[in-house]
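Okay, structure first, notes after.
All residue numbers in this chain count up from 1 along the given sequence.
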Amino acid sequence: MADCQITCITKLHPQSAHEHITHVGNPTAGWKWPREQVIASIDAGTNTFYVLAPQSGKRADVGVVRPNGRPAYLQTYADGDWNNNLLSLNQCPP
């Protein structure tokens with residue numbers, strides 16, 4: 001199992017604060033995965049994913065949220081709270 005740091009995200013409309021993330025990645029480590037692949041990896045227990053908060057450098061683990069009637073999505077979890085650290089990351093390069 002690998003512990004993977006996410007450093008960038010892709011959204012179809014980068015300026016939208018509410019649009020779902022389509023991909024996450026880490027260009028330095030040489031990977032970019034679709035959201036569905038990350039969710040499947042988390043569910044299977046093959047990888048863990050995290051981000052580092054830009055202000056504090058604290059780790060926030062990435063988990064899967066499954067709202068009723070809507071597609072599953074990724075969100076970070078730190079200090080006992082779900083938060084939006086993923087949305088604060090820069091867009092991944094094309």
Side-chain angles (χ1 to χ4, degrees):
M1 174 166 43
D3 192 31
C4 307
Q5 181 183 4
I6 296 172
T7 60
C8 66
I9 62 170
T10 301
K11 297 189 299 182
L12 290 178
H13 302 285
Q15 303 309 316
S16 171
H18 301 289
E19 186 173 339
H20 286 287
I21 293 167
T22 60
H23 294 75
V24 297
N26 184 327
T28 303
W31 65 272
K32 180 177 169 184
W33 284 9
R35 175 188 70 235
E36 296 82 5
Q37 185 177 358
V38 173
I39 290 170
S41 182
I42 291 170
D43 287 346
T46 54
N47 293 296
T48 56
F49 297 86
Y50 69 96
V51 300
L52 295 178
Q55 306 87 345
S56 66
K58 290 179 72 173
R59 178 186 172 115
D61 292 317
V62 175
V64 180
V65 177
R66 291 184 168 80
N68 286 336
R70 295 192 354 231
Y73 62 92
L74 301 170
Q75 194 168 17
T76 53
Y77 190 80
D79 298 328
D81 292 314
W82 289 99
N83 53 54
N84 64 354
N85 288 347
L86 280 171
L87 292 174
S88 66
L89 295 176
N90 290 329
Q91 282 281 116
C92 292

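Shown here are the side chain to side chain donor-acceptor pair (under 3.5 Å) partners of Asn47, two or more places apart in sequence or in another chain: Ser41. For Pro93, the side-chain contact (heavy atoms from CB on, under 4.5 Å) criterion is met by Cys8, Pro27, not counting sequence neighbours. Residues meeting the side chain to side chain donor-acceptor pair (under 3.5 Å) test with Thr48, sequence neighbours left out: Asp3. Scored by the side-chain contact (heavy atoms from CB on, under 4.5 Å) test, Ala29 finds Asn26, Trp31 as partners (sequence neighbours excluded).
In this structure, CG on Leu52 lies 8.0 Å from CZ on Arg59, to the nearest 0.5 angstrom. Taken to the nearest 0.5 Å, the OG1 atom of Thr46 stands 9.0 Å off from the CD atom of Gln37. Ile21 CD1 to Leu86 CG: the interatomic distance, rounded to the nearest 0.5 Å, is 4.5 Å. If you take CD1 on Ile9 and CG on Leu87, they are separated by 5.5 Å, rounding to the nearest 0.5 Å. How far OG1 of Thr10 is from CG of Leu89: 10.5 Å, rounded to the nearest 0.5 Å.
Cluster annotation: Tyr50 and Ile6 are assigned to distinct hydrophobic clusters (Ile/Leu/Val/Met/Phe/Trp/Tyr, side-chain heavy-atom contacts under 4.5 Å, transitive).
Applying the salt bridge (Lys or Arg N to Asp or Glu O under 4.0 Å) test to residues at least two apart or on different chains, none of the pairs has a partner in residues 20-41. Each side chain to side chain donor-acceptor pair (under 3.5 Å) pair with one or both residues in residues 63-73, not counting sequence neighbours, appears once here: Asp43-Arg66. For residues 44-57, no residue pair satisfies the salt bridge (Lys or Arg N to Asp or Glu O under 4.0 Å) rule, not counting sequence neighbours.
Thr76 contributes a side-chain N or O that, together with a main-chain N or O of Asn85, makes up a donor-acceptor pair within less than 3.5 Å.
Here the closest non-hydrogen pair linking Ile39 and Ala72 is CD1-O, 3.8 Å.
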